[in-house]
Amino acid sequence: MNRRTRFPALGLIAAALSTALLAASAQAVSPGNDPAALAKIRDTAMTSDYAWERTADMTDLIGPRLSGSAGAAAAVTQVADAMRKLGAKVTLQPVKVPHWVRGAESGELVDYSGRPAGITQRVVLTALGGSGATPDAGLTAPVIVVGSFDELKARASEVKGRIVLFDVPFDQHMADRGLAGPAYGAGSNYRTNGPRIAAEMGAVAALVRSVGGANYRLPHTGNSNLQDGARIPAAAVTVEDAMLMSRLAKRGPLRMRLVLTPTILPDADSFNVIADWPGTDKADEIVIVSGHLDSWDLATGAHDDAAGVASAMAVFDTLKKLDYRPRRTIRMIAWMNEENGTRGARTYLAANEANAASHIGAIESDNGAGRPFGMRASVPAASTRLFAPLQAALLPLGAGVFQRQDALSTGDLSGLERAGVPSFAPLIDTSTYFDYHHTAADTLDKVDPDHLRRHVAVMTATAWFLANIEEPIGRANVPAR
C-alpha cells in the first residue's frame with residue numbers, strides 16, 4: 001500500500017502541488033510580452049555567438065551561393081540541419097531557380113586619342129547577372145559614354161553597333177547621412193534597366209559604373225533585366241575605370257575589346273528552407289523571420305545575406321535557451337534566389353496568398369550586418385503606439401527607434417506586403433554596406449560580431465513581440481503603383 005492510499009489527504013495535496021507546478025511551468029515558458037521576458041530575450045541574444053558561428057559556417061565552409069550552384073545546394077542542407085538540431089519543424093519548399101554561370105571576363109581599351117604606339121589599357125570589370133556572351137574571342141567596338149537615360153535618348157543615333165557605358169556616380173554623401181537605400185536605388189536603376197534599353201537601341205554591349213562606395217577598383221556585380229532575344233553582353237566596370245573611360249572619350253573616339261562568356265543553363269531545382277517554432281493557443285497564426293540563402297558568386301556573401309539568415313536562425317536558438325514558446329507560430333524562412341529572380345519568394349507567395357490573413361507580420365534582414373538602431377515597419381499609423389513596450393526593451397541597446405513607412409518593399413517580402421502582411425526590417429547603419437555589396441570583398445571579416453548580436457536581439461524581440469501581442473496591429477496597405 002502506498003502512502004497516498006494510506007493517507008488520502010497526501011494524495012490530494014500532491015495533486016494540487018502538481019497542478020500548481022504545471023501552471024507555474026506553463027507561465028515560465030509562455031510569459032507573453034511581459035517587460036521582463038523581453039529583457040531576457042534581449043540579454044540572452046547579447047551573450048550568444050550562435051549567429052556568428054552560423055555565418056562563419058555558411059561563408060567559410062561553403063563560400064559563394066549563387067542560385068543553381070553547388071554552394072546554394074549546400075547552404076540548403078546546412079541550414080536545414082542546423083534548424084532540425086534546434087528542434088524546429090523543417091520543411092523544404094521546392095523552387096525552380098535560374099542557373100547562370102559566369103565565364104571569362106576581361107576588357108581592354110585598344111584605341112583612343114593620344115594612345116602611344118603599342119599601348120593598351122586593361123579595364124577591371126565583372127559580368128552582370130543575366131548577361132549575354134560575346135564570341136569566345138571577344139568583340140571590339142567603339143564606346144559611347146552617357147551620364148543619364150536622357151543623354152542616351154538624345155544620342156540615340158550614335159548607339160547602334162557601339163558599347164554603351166552608363167557613367168552614373170553612387171552618391172556616398174547620401175549614404176553617409178542615412179540614405180544609402182535611395183542612393184543605391186538611383187544607381188542600380190542603370191544596372192538593371194540600362195543594358196536592356198541599350199540593347200533595344202542597337203548597342204552590341206553595355207557597361208555600368210559600379211554601384212557602391214569605397215572606390216578600390218572593385219567591380220560590383222548585380223542582376224540585369226536582360227531577356228532572351230535581346231541578351232547583349234553586360235558588365236559592371238570599376239568606378240576608376242568608368243572615370244578613365246569618360247575622360248578618354250572627351251579626348252576623342254574610344255574603342256574597347258570586351259570578352260564575356262557566361263552561360264545560361266536550364267533552370268535548376270532548389271528549395272526555400274522553412275522552419276517552424278510552433279505556437280501554443282494561436283499556432284495557426286504566423287510570424288515570419290527571414291533572410292536569403294543565395295549570394296553572388298564573387299565572394300562569400302557575408303553581409304548579403306549570410307548574416308541575415310544567421311540572425312533569423314538565432315531567433316530560435318535564443319528562444320530555445322529560454323524555453324520560451326510563443327502563442328503564434330514563428331516561422332524562419334531562408335529564401336532562395338533573392339539575387340537574380342526572387343523565385344523563392346514568389347513560390348511561397350503562390351502557396352500562401354490565400355491564407356495571407358493568417359500571417360501577422362514578416363521580418364526580413366537584408367541590408368547587411370551594420371549596427372541596428374531599431375525597426376522599420378509597414379504597419380498602419382494608428383498601430384505604432386502598440387510597439388512602445390518593444391521600443392522600451394530595445395532602448396538599452398540604442399535600438400529603440402520604430403520607423404513606420406507605408407511600404408518597405410523589401411526583396412522577398414514585397415509580395416506578402418502587397419497581400420496585406422506588415423513587413424519589418426532592422427533599421428541599420430548602411431553607410432559602409434555598399435562598400436562591399438556584390439563585390440569580392442563581402443567576406444566574414446567585414447562582419448562585426450557585436451553588431452550581429454544586436455541584430456539577433458532586435459529580430460528575436462520583435463518576432464516574440466508580434467507572436468504574443470494581444471491587440472491586432474492591422475494590415476499593410478501598400479499604395480498602388
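The residues of the chain are indexed from 1 along the displayed sequence. What you see is a predicted model, and the numbers here were worked out from it, not measured in a lab.
Within the 4.5 Å cutoff, the side chain of S48 has no heavy atoms near those of the T318 side chain. Residues Q391 and L395 are not in side-chain contact: their nearest non-hydrogen atoms beyond the backbone lie 4.5 Å or more apart. The side-chain heavy atoms of L293 and W335, taken from C-beta on, include no pair separated by under 4.5 Å. Residues R376 and N367 meet the side-chain proximity criterion, which asks for heavy atoms closer than 4.5 Å. When side chains are defined from C-beta on, N468 does not count as touching R328, because their heavy atoms never get closer than 4.5 Å. Between L38 and N33, some side-chain heavy-atom pair lies under the 4.5 Å cut-off. Side-chain atoms of L92 and I274, non-hydrogen and from C-beta on, never get closer than 4.5 Å to each other. Residues M459 and T462 form no side-chain contact, since every pair of their non-hydrogen atoms from C-beta on lies 4.5 Å or further apart.
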Practice task
Check step by step if side-chain hydrogen bond (donor to acceptor under 3.5 Å, both in side chains) holds for K446 and T443.
Solution key: CA-CA 6 Å; K446 310 304 189 307; T443 48; 3.0 Å; yes

Exercise for the section: Might you work through the side-chain hydrogen bond (donor to acceptor under 3.5 Å, both in side chains) test for S383 and R404, ending with a clear yes or no? Expected result: CA-CA 9 Å; S383 297; R404 194 205 76 83; over 6 Å; no

Handout entry: Worked check of side chain to side chain contact (heavy atoms under 4.5 Å, CB included) between L298 and R102
Key = CA-CA 10 Å; L298 298 183; R102 188 180 304 278; 3.7 Å; yes

Practice task
Go through the steps to decide whether D49 and R453 satisfy the test salt bridge (Lys or Arg N to Asp or Glu O under 4.0 Å), and finish with yes or no.
Solution key: CA-CA 7 Å; D49 284 324; R453 294 185 202 103; 3.0 Å; yes

Exercise for the section: Assess whether side chain to side chain contact (heavy atoms under 4.5 Å, CB included) is satisfied between S224 and R196, documenting all intermediate values. Expected result: CA-CA 8 Å; S224 69; R196 174 184 56 80; over 6 Å; no

Exercise for the section: Report the C-alpha separation of H220 and F170 in whole Å, then their side-chain angles, then the decisive distance to 0.1 Å, and conclude whether the ring-ring contact (aromatic ring centres under 6.0 Å, His included) test is met. Expected result: CA-CA 12 Å; H220 297 235; F170 175 77; 8.1 Å; no

Exercise for the section: Show your working on side chain to side chain contact (heavy atoms under 4.5 Å, CB included) between R209 and V168 and close with a plain yes or no. Expected result: CA-CA 6 Å; R209 177 168 168 161; V168 182; 5.7 Å; no

Practice task
Determine, step by step, whether L427 and M375 satisfy the side chain to side chain contact (heavy atoms under 4.5 Å, CB included) criterion, reporting the C-alpha distance in whole Å, the side-chain angles of both residues, the deciding distance to 0.1 Å, and the verdict.
Solution key: CA-CA 5 Å; L427 179 61; M375 270 284 171; 5.9 Å; no

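Of the possible polar contacts, one joining the S290 side chain to the I363 backbone as a donor-acceptor pair under 3.5 Å is found. When atom types are taken as modelled, the side chain of R84 and the backbone of V90 share no donor-acceptor pair closer than 3.5 angstrom. A side-chain donor-acceptor contact under 3.5 Å links S210 to the backbone of V237. Of the possible donor and acceptor atoms, one in the side chain of D241 sits under 3.5 Å from a partner among the backbone N and O of V124. E240 places no side-chain N or O within 3.5 Å of a backbone atom of L218 that could act as its donor or acceptor partner. A side-chain donor-acceptor contact under 3.5 Å links R191 to the backbone of N223. For D267 (side chain) and K96 (main-chain N/O), no donor-acceptor pair under 3.5 Å exists by modelled atom type. Not a single donor-acceptor pair under 3.5 Å links the side chain of D442 to the backbone N or O of H437.
Other residues, nucleotides and ligands contribute at most 12 non-hydrogen atoms within 6.0 Å of the NZ atom of K40. By the 6.0 Å contact criterion, CG on N477 is open, its count of non-hydrogen atoms from other residues, nucleotides or ligands being 12 or less. A 6.0 Å sphere centred on CE of M201 holds more than 12 heavy atoms belonging to other residues, nucleotides or ligands.
When each of D412, V379, L408 is paired with S423, the side chain to side chain contact (heavy atoms under 4.5 Å, CB included) condition holds for L408 and for no other. Between F316 and the choices Y324, W277, W464, the ring-ring contact (aromatic ring centres under 6.0 Å, His included) rule is met once, by W277. Between I41 and the choices T460, V315, L394, V456, the side chain to side chain contact (heavy atoms under 4.5 Å, CB included) rule is met once, by T460.
A cation-pi geometry, defined here as NZ or CZ lying under 6.0 Å from the six-membered ring centre and within 45° of its normal, holds between R54 and Y50.
To the nearest 0.5 Å, atom OG of residue S69 and atom CG of residue L265 are 11.5 Å apart. How far CG of L260 is from OG1 of T126: 8.5 Å, rounded to the nearest 0.5 Å. For the atom pair CG (L386) and CD1 (I469), the distance works out to 5.0 Å, reported to the nearest 0.5 Å. For the atom pair CG of L128 and CG of L226, the computed distance is 8.0 Å after rounding to the nearest 0.5 Å.
Using a cutoff of 4.0 Å between basic side-chain nitrogens and carboxylate oxygens, D450 and R454 are scored as salt-bridged. Note on D228 versus R231: salt bridge recorded, some NZ/NE/NH1/NH2 to OD/OE distance being below 4.0 Å. For R65 and E339, the salt-bridge test fails: no basic side-chain N is under 4.0 Å from an acidic carboxylate O. Looking at D317 and K320, no side-chain N of the basic residue comes within less than 4.0 Å of a carboxylate O on the acidic one, giving no salt bridge.
In this structure, V208 and Y190 approach most closely via the heavy-atom pair CG1-O, 3.5 Å. Contact record, T329 with A283: OG1-O, 2.7 Å, taken as the closest heavy-atom pair. Closest heavy-atom contact between D406 and S378: O-CB, 3.6 Å. Counting all heavy atoms, side chain and backbone alike, M245 lies closest to V145 at O-CG2, 4.1 Å.
No side-chain donor-acceptor contact under 3.5 Å links N337 and H292. T432 and D435 form no side-chain donor-acceptor contact under 3.5 Å, judged by distance and modelled atom types alone. Side-chain contact check for S148 and D150: no donor-acceptor pair (N or O, by modelled atom type) lies under 3.5 Å.
Taking the six-membered ring where tryptophan is involved, the planes of F387 and F402 are essentially parallel, since the angle between them stays under 30° and well short of 60°.
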